[in-house]
Amino acid sequence: MLLWAALALAAAGQRAVEGLSRDLPGAPVRVLAAPRILRRGEVIPRERLLRELRAVGYRQVAGTPRQPGEYATAEGWLALYRRAWAGAHTRHPAVFARLRWLGERLVEIRDGTGRNRSVLICEPVELGAFRGPLSQARTQVALDAFPPRLVDAVLAAEDARFLDHAGVDPRGIIRAAWVDLVRRRGAQGGSTITQQVIKNRVVGSAHSLTRKMKEALLALWVERSVSKERLLEIYLNEVYLGQRGPVSVLGMPAAARFYFGKQVGDLDLDEMALLAGLIASPGRYDPRRHPERALLRRNWVLGRMASLDLIDRAEQAAASERPLTLAPPAEALDPAGDLLDAVAVEVARRGWEPVPSRQPAVIETTVEVDVQAAARRALTATLADLERARPSLAPLEGAVVVLRPATGAIVALVGGRRGQRGGFHRALSARRPPGSAFKPFVALAAFASGEFS
């Protein structure tokens, strides 16, 4: 029996080592709306642009924007520091611009050197991200791209002895058990970063003693073959840090963008500590829903870093005094789950599959976020009106497809009332008779062919 158990452990350990040596099988797919192209002389309400900037996570500041992802407003003006962003085929560098309106007409675009420009392409709204059936946002970066102090903050919060233990930390288990006993609740976890990586990548998160034992044994096994650096890189890139609607936010790079509208390398010390503190319970310490708890947790991490001599007391005090400065919730302007399903169906039809990669795959669409949101609102309102008029018909469902006639581009696609993933997509899958709406197309084809004159 012991022999068979040892062989099973060895086989499982080898599979875990092989799995941890590779990136996840298939990068997330980021689905982008059509970018907002600002043209001098065009009529575009400034408030519409501001709404889209907030949806992408830009932060309003007082004075002149100093960092990408910031904007400032004045009477008739907008100063914008556009972030660098990459589409499917083109990379756009960060750029500063000043925009001026007369009424709702954009009359001036100037870049950071004061030169007039005729066009400015804005960063597109992300409609969502998915990996297979899962909705998740994740951007993978190399370990050396993470700020050292962010790494310190994570180690201080989660596993201060990570570099010294062999995968399992008996001291941490005993300390956690003692605190849990004294406080009579799960105040601390005893799992090391290695165990958490094993849980996330290999054994799953089911609550059972068997799972915990397997997790610990596999952690001891993989640390014989997988470097600490590799384990830490996986952890920083894949740890769960919250929800953006139906989309799971995984890893520090995605969380830096979601909570602060920043690249991970641009985070300040207090922001690093907040993200490190979130790991223990992203729901409980969500800074948007529970700012007081988030501040207390952030300051605990800063105190822990100081006690481990990772920062000095002056830095701790200065960072602890800083208020929460969050980006607006970077939620899409529409649920868009049915739109993500449509994209997944289309890429599968074309025979394309995401391959293991450090960077998310990017798909650009022709969807316009304001038209998509308006289409969803119109469908919801129309169905509600019909149900009020004929209660016996409730609940009703429907679909909306909006095309640009000149090009055939789809600017809005609504497959159902709620917009969730995995539901029946009425815009793509429903079969219905065309009725009289089809007659103009038949007539047009006849006239074009010369059958009628």
Side-chain angles (χ1 to χ4, degrees), residues 50-51 53-62 65-71 83 125-126 128-129 135-139 146-147 149-158 185-189 196 235-306 310-311 315-333:
L50 291 175
R51 188 166 64 249
L53 290 176
R54 290 191 291 267
V56 190
Y58 278 62
R59 300 192 300 179
Q60 185 171 8
V61 297
R66 302 294 181 188
Q67 298 184 64
E70 295 180 343
Y71 70 91
R83 289 188 294 238
V125 172
E126 182 177 302
S135 295
Q136 56 179 223
R138 173 173 56 86
T139 300
F146 289 98
R149 282 192 165 175
L150 175 59
V151 177
D152 289 342
V154 170
L155 294 179
E158 291 296 309
R185 63 181 177 88
Q188 290 195 356
Q196 293 182 57
Y235 188 70
L236 293 171
N237 278 299
E238 298 178 14
V239 64
Y240 174 73
L241 289 165
Q243 287 289 133
R244 189 184 70 211
V247 178
S248 298
V249 178
L250 303 182
M252 291 293 168
R257 181 73 171 267
F258 177 54
Y259 290 108
F260 301 110
K262 292 184 175 183
Q263 302 294 334
V264 71
D266 297 329
L267 292 172
D268 296 322
L269 177 59
D270 61 302
E271 296 165 337
M272 298 176 193
L274 187 140
L275 293 184
L278 271 176
I279 296 173
S281 180
R284 178 175 175 78
Y285 300 117
D286 185 329
R288 295 194 177 101
R289 295 170 53 211
H290 308 293
E292 298 84 3
R293 290 182 197 166
L295 279 173
L296 288 173
R297 179 68 178 173
R298 180 199 72 180
N299 292 347
W300 177 86
V301 174
L302 291 167
R304 179 93 170 126
M305 294 177 72
L310 300 172
I311 58 174
E315 290 174 306
Q316 176 200 356
S320 297
E321 289 298 317
R322 295 194 66 178
L324 281 178
T325 307
L326 303 170
E331 60 206 16
L333 302 185

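The heavy-atom pair separating Gly57 from Ala327 by the smallest distance is O-CB, 3.3 Å. Pro323 approaches Asp270 most closely through the heavy-atom pair O-OD2, 4.4 Å. The two residues Ala153 and Val301 come nearest to each other via the heavy atoms O-CG1, 4.0 Å.
Annotation: side chain of Leu275 is in contact with side chain of Phe260 (closest heavy-atom distance under 4.5 Å). Side-chain contact between Tyr235 and Val151 is absent, with no heavy-atom pair separated by less than 4.5 Å. At a threshold of 4.5 Å between non-hydrogen side-chain atoms, the residues Tyr285 and Arg298 do not count as touching. Side-chain contact between Tyr71 and Val61 is absent, with no heavy atoms from C-beta onward closer than 4.5 Å. Taking the side chain as every heavy atom from C-beta outward, Leu324 and Leu274 approach each other to under 4.5 Å.
Contacts of Gln67 classified as side-chain hydrogen bond (donor to acceptor under 3.5 Å, both in side chains), with partners at least two apart in sequence or in another chain: none. For Asp268, the side-chain hydrogen bond (donor to acceptor under 3.5 Å, both in side chains) test picks out Lys262, Arg322, with sequence neighbours left out. By the salt bridge (charged side-chain N to carboxylate O under 4.0 Å, His left out) test, Glu70 is found to be paired with Arg59, residues two or more places apart in sequence or in another chain being considered.
Atom CG of Asp152 and atom CD1 of Ile311 lie 9.5 Å apart (nearest 0.5 Å). For the atom pair CD1 of Ile279 and CE of Met252, the computed distance is 4.0 Å after rounding to the nearest 0.5 Å.
Between the side chain of Arg297 and the backbone N or O of Gly277 there is at least one donor-acceptor pair closer than 3.5 Å. In this structure a side-chain-to-backbone donor-acceptor pair under 3.5 Å is missing from Arg293 to Asp286. A distance-only check finds a donor-acceptor pair linking the side chain of Tyr58 to the backbone of Arg83 [under 3.5 Å].
With respect to the salt-bridge test (charged N to carboxylate O, under 4.0 angstrom), the residues Arg257 and Glu126 do not qualify.
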